[in-house]
Amino acid sequence: MKRIFGTHRYLVSATALCALALTACGTTQAEDSGPAKGADAAAAPKPDAEPGPQESAQLLTFMTFLNKVAEPCSPDLPKEPPIADEAPATASASLPPIPDGPPSPDELNPGSYKGTEEDKKAEAELEARNKCVTKAHSDRVTEAVKGLKAPAQVRGSLNRSGYVDSVLKTREQPGTGTRFSLGLGSVCLTGTADGSASPPVGGHELLDPENPCPRL
């Protein structure tokens, strides 16, 4: 199994998730479904089509859901982003200062930079937060699929738990159950709904935003 936790920001990566979901939110992307035919194919939304009001509302609900699940992992952050004071009129016209002298060795060779204690502390806090967020989703998904095996049951239960079709893929494994994956910001969850009370669910670090989860 791949390394579970990375150093990518969870909510920043959720923005990439938002962009991906904009073209698919409300549509089924399960690998166990066949290609659309006839009228259904003609009615299928185009990949570059603007999302309608229903899709936009569903996407907003999903992003709010992701933030709500992650909220307990960052208790020190404000519930609502602060409203910034109006910037001075001259702020937009200001230019960055021109550096004096030649670039430092760290600028020429970024790999030589050694983080400060503050940097290391911030990275450790981010790792702990990613671990917390992954566990929160793993617990929620495990609860949603326990005792289930059929693809339709698994998908329906995950939908009711807040996970939209645009981030969910399923594949039936005859005799075993349903294999599934969920691309969630900086984390991909995969598991198998095998009808047991403790179905296996694991996390994977996202390395490629366009291919967020391992192929089922």
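These figures come from a predicted structure and were not determined experimentally. The first residue in the sequence is number 1, and the count goes up from there.
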**Report entry** Which atom of Val154 lies closest to which atom of Val145, heavy atoms considered
**Finding:** CG1-CG1, 4.0 Å
**Report entry** Short side-chain donor-acceptor distance under 3.5 Å, Ser196 and Asp194
**Finding:** yes
Query raised in the report: Heavy atoms, side chains only, cut-off 4.5 Å: are Tyr163 and Leu168 in contact?
Result: no
Query raised in the report: Just checking, any donor-acceptor pair under 3.5 angstrom between side chains of Asp139 and Thr142?
Result: no
Requested in this report: Apply side-chain contact (heavy atoms from CB on, under 4.5 Å) to His204 and Val187, showing your working.
Outcome: CA-CA 6 Å; His204 305 263; Val187 171; over 6 Å; no
Query raised in the report: Is there a side-chain contact between Thr64 and Thr61 (heavy atoms, below 4.5 Å)?
Result: no
Query raised in the report: Taking all non-hydrogen atoms of both residues, which atom of Lys146 and which atom of Ala197 are closest, and how far apart?
Result: CB-O, 3.6 Å
Query raised in the report: So, for Arg155 and Asp165, which heavy atoms are closest and what is the spacing to 0.1 Å?
Result: NH1-OD1, 2.6 Å
**Report entry** Heavy-atom check, side chain of Thr192 versus side chain of Phe180, under 4.5 Å
**Finding:** no
Report task. Identify the two heavy atoms, one from Gly203 and one from Thr134, that lie closest to each other, and give their separation to 0.1 Å. Result -> CA-CG2, 4.4 Å
Query raised in the report: Would you say Thr178 and Leu148 make side-chain contact, with heavy atoms under 4.5 Å?
Result: no
Query raised in the report: Would Leu59 end up clustered with Phe65 when hydrophobic side chains under 4.5 Å apart are linked, directly or stepwise?
Result: yes
Query raised in the report: Can any side-chain N or O of Ser157 pair as donor or acceptor with the backbone N or O of Gln153 at less than 3.5 Å?
Result: no
Query raised in the report: Hey, are the side chains of Val141 and Leu158 touching, using non-hydrogen atoms and a 4.5 Å cut-off?
Result: yes
Report task. Evaluate the side-chain proximity of Pro214 to Cys188: yes if any heavy-atom separation is below 4.5 Å, no if none is. Result -> yes
Report task. Start with the C-alpha gap between Thr176 and Lys149, add the side-chain angles, then the distance that decides, and say whether side-chain contact (heavy atoms from CB on, under 4.5 Å) holds. Result -> CA-CA 8 Å; Thr176 302; Lys149 293 184 70 173; over 6 Å; no
Report task. Check Pro199 against Ala193 and note the closest heavy-atom contact, atom names and distance. Result -> CB-CA, 4.4 Å
Query raised in the report: Do Val69 and Leu66 come within less than 4.5 Å of each other through their side chains, counting heavy atoms only?
Result: no
**Report entry** Flag side-chain contact, heavy atom, 4.5 Å: Ser181 against Leu189
**Finding:** no
